[in-house]
Amino acid sequence: MCGIIAYNGRDDAMPYLVDGIRNLEYRGYDSCGCAFQSTNGIQVRKDVGRVDDVIRKYQLDGEHSNTAMFHTRWATNGPVSVKNAHPISDCTGEIAVVHNGIVENWAELKESLSMHKFRSDTDTEVIAHIVEDRLNKGGTLREAAKYAYKNIKGASSFLVMKSGSDEIVAVKHGSPLVLGLSKNGHFISSDIPSFSAYTNKVIYLHDGDLVSITKSGYSIMNMAHVKAAHKISYIKTDYTENDRSGFKHFMIKEIMEQPRLIKQIVKSDISALEKSASVLNQSKTVYLVGAGTSFHVALIGAHNMRLNGINAIAIQPQDAKDYSKVFKKDDVFIIVSQSGETADIISMLPLIKENKKLGILNSAESTLARAVDIPIFINAGHEKGVAATKTFTLSSIYLVLLSMFASGNKEAALRDLRLLSLNIYNLFVPSVLSSVSKAASILKKKTDVFYLGKGLDYAIALEGALKMKEVSYLHAEAIDTATFRHGPLALISNGAFAVSIVSRETKQDAIRNLREVKARKGKIIGISYENSDVFDIFIKVPEAGNFSFIQQAIVTQLLSYKVSVLRGIDPDHPRNLAKSVTVK
Ligand code: M6R
């Protein structure tokens, strides 16, 4: 994935970029580095570890330069090491490159660059050597960057600097890049929150753009050297809220924000939902697309739509190609994405370019927000924890509202939403929280846990298990309660634990199946509206009609958070992960 930010202008770049790169850490935190122009040419500082560690180690906030770029890495090609941290240099150290994406033909290019000395295992390094080669033959940095772009395959955006030059050149292809324009200088970055404190004036770059920023200005050309006429946009979202409001982690802060955010939906403008509901009614099949947590949201939406008589299927973006033969012109696609930047979704868009697209999104400035016909914003505020929590619940709520509006059940939908906004406060009470703590202190010592549920409860089980894996590294597996006896039951023996999601609709069948687990000495943590003799630990959740599942989901979030903390893990930065997956 990786995050990139650069500044070139009359001001000192370093304070902007030290701040900016912290706001891009959600894109990866395996290593961090920077390149800046100095009177002695390009200086590169880089190391493994979190952004703040690298800044502290090299006292980067004490450096001064007008022209600089930073990178935070999520390792794809080549292990996490200092030599693989970006910026990546050429043979001479005169050229520095930061890159987001994958050069798919790097091995073949490396062979053709056999005269060069390669010092890293990254695919990025071929870019630095191609630029070096090209500059040796004469020409400008822009021409060399363009030449590199023409030779590499795959979604790759990169920035390049040359010793002694006042220019930063950027190439955008696939991975996001946005230009920020301010009075004294310009930014290029992977994402707006990295510089939105300094300017709200932006240009969204297009694939194939070749951008140059110097101290005095900027230019955008396409690869045919034609000046691009992209319009200037103004950021509306406030990204400045960066503090944890007294909470130890963003994850718990974001979990605790949910009651307030749900209340906000009750009072919000629902016209985008009404407009979208009429679009659904004209469709043959509704495909709901999402990855990870957003796929679970899609499952919830599709389930609810089917219950309301709408023909709906949830698919993962990676499977879209397999489905494409059955896609019809009048099928509607609902794209669910918190970040709006998930590469797997962006890369399936050409398959559905003729179709009407709705978006359930959190970021108004994202690529997907610009790609869909009707964006529905969940207004969850910036989600900083790597584990999606508040965006899961809010996206699910919006989808259920949409489905109920489309099927003529608007009044019932709004009634249940109001009920949820009131009842949710009964979730954060000592009796519930102490049961969650009790369950967490048992799961903390386990290596495996099963999440069981049926129908909608199964979607919550999937999401609960994902959350547990993500932040606690506990092997958590979701299994449909009804299929448990068709094989997985063999895993149950004395001491095995299952978290069971049981709602009023599924209770009768679920309890019968859970008895089979009990009979094999399995232990059960029940997340349900009422107790049962099969539960060893009971966590009571209030009901709220069509939105009861939201409260079950919040309990699973709390449980994962608590296990994470008890295991001494930082839930905001789990190992190997990044907040948004911007490479395929
Ligand atoms: O930004 P998106 O909603 O498109 O992200 C999709 C997934 O990468 C994301 O939901 C991921 O699974 C979360 N980290 C899970 O908590």
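Both counts, for ligands and for their atoms, begin at 1 and track the order of listing. All values below were derived from every heavy atom in this structure, side-chain atoms included, with hydrogens, water molecules and symmetry-related copies excluded.
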Got a list of side-chain donor-acceptor pairs under 3.5 Å for residues 447-454, not counting sequence neighbours?
| unit_1 | atom_1 | unit_2 | atom_2 | d |
| --- | --- | --- | --- | --- |
| Asp448 | OD1 | His475 | ND1 | 2.6 |
| Lys454 | NZ | Asp480 | OD2 | 3.3 |

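The list of salt bridge (charged side-chain N to carboxylate O under 4.0 Å, His left out) pairs with a residue in residues 460-472, not counting sequence neighbours, reads Glu463-Lys467, Lys467-Glu470.
Using a 4.0 Å heavy-atom criterion, the residues that approach ligand 1 are Ala291, Gly292, Thr293, Ser294, Ser337, Gln338, Ser339, Thr342, Val386, Ala387, Ala388, Lys467, Glu470, Val581.
Cation-pi contact between Lys357 and Phe333: absent, since separation from the ring centre below 6.0 Å together with deviation from the ring axis within 45° is not met.
Residues that satisfy the ring pair (Phe, Tyr, Trp, His ring centres under 6.0 Å) test with Phe195, not counting sequence neighbours, are Phe187.
Within the 4.5 Å cutoff, the side chain of His230 has no heavy atoms near those of the Tyr204 side chain.
Ring centroid separation for the pair Phe70 and His86 does not come in under the 6.0 Å cut-off.
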